[in-house]
Asker: 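Submitted below is the structure of interest, expressed as structure tokens.
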Amino acid sequence: NAGVTQTPKFRVLKTGQSMTLLCAQDMNHEYMYWYRQDPGMGLRLIHYSVGEGTTAKGEVPDGYNVSRLKKQNFLLGLESAAPSQTSVYFCASSTWGSSYEQYFGPGTRLTVT
Amino acid sequence: GQQVMQIPQYQHVQEGEDFTTYCNSSTTLSNIQWYKQRPGGHPVFLIQLVKSGEVKKQKRLTFQFGEAKKNSSLHITATQTTDVGTYFCAGNFNKFYFGSGTKLNVKP
């Protein structure tokens, strides 16, 4: 099992450009999450999904969109990147909800210039 | 809003010394989880506490959940260089809110 994988590992964008981050899990987990991690601020939840075809907003959803067309994939989109979105992005999945441990991907380091 | 506060932000210890990080919430938590993130790595689940006053041990690590389910602590006895990393608590208010983490550095 690969667990949770993320593509790409690194990316540099210019302000205003768009991109999609891909997360894939092979554990048949229902729940998937997108977090961003900034120095000194821990992990902040951007969006999450409780199952295929469903998404919900987290703590910091502005400027991001998500889609969960297939159970194993969770996509995070930035329509018009801003320097404030420079961060490390982690995807995670769990069997069910918040009473279950989350398995994290290796992260994507995004820089917006 | 709902927040989980974690202290200290940094801790530097000599190998063999003990280490403790604390997590506090103004709201009663359903449960709390602890994660460890090695430098350059991703968070890895350590443990979950659910019951009021619960204490769990994993070798040199001791985790406690307060009686009011509003605070928690992680204590490491006799730190080793392999303990280096950032330790996060994550409090459950239906969704998880992560604390800002405690970065532990261990000098050999």
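Protein chains get the first letters and strands the later ones, always in sequence-line order, with residue 1 at the start of each. Just so it is clear, the model here is predicted, and its values are computed rather than measured.
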Asker: Could you tell me which portion of A/Leu43 (side chain, backbone, both or neither) has an atom closer than 4.5 angstrom to a non-hydrogen atom of chain B?
Answerer: both

Asker: Between A/Gly107, A/Ala92, A/Gly105, which residue shows the highest count of heavy-atom pairs closer than 4.5 Å to chain B?
Answerer: A/Gly105

Asker: Below 4.5 Å, heavy-atom pairs only: which of B/Gly99, B/Gly41, B/Gly101, B/Pro43 has the largest tally toward chain A?
Answerer: B/Pro43

Asker: Select one option (side chain, backbone, both, neither) describing which atoms of B/Tyr35 are under 4.5 Å from chain A's heavy atoms.
Answerer: side chain

Asker: Would a distance-only check, ignoring hydrogens and angles, find a side-chain to backbone donor-acceptor pair under 3.5 Å from B/Lys69 to B/Ser30?
Answerer: yes

Asker: Could you tell me which portion of A/Tyr103 (side chain, backbone, both or neither) has an atom closer than 4.5 angstrom to a non-hydrogen atom of chain B?
Answerer: neither

Asker: Tell me which one of A/Phe74, A/Tyr48, A/Phe104 satisfies ring-ring contact (aromatic ring centres under 6.0 Å, His included) with A/Tyr35.
Answerer: A/Phe104

Asker: Are B/Val4 and B/Leu74 connected in the hydrophobic side-chain network, where two residues link if heavy atoms are under 4.5 Å apart?
Answerer: yes

Asker: Side chains of A/His29 and A/Ser94: do they bring a donor and an acceptor to under 3.5 Å?
Answerer: no

Asker: For the CE atom on B/Met5, are there more than 12 heavy atoms of other groups (residues, nucleotides or ligands in this structure) within a distance under 6.0 Å?
Answerer: no

Asker: Pick one of side chain, backbone, both or neither for B/Gln6, based on which atoms fall under 4.5 Å of a heavy atom in chain A.
Answerer: neither

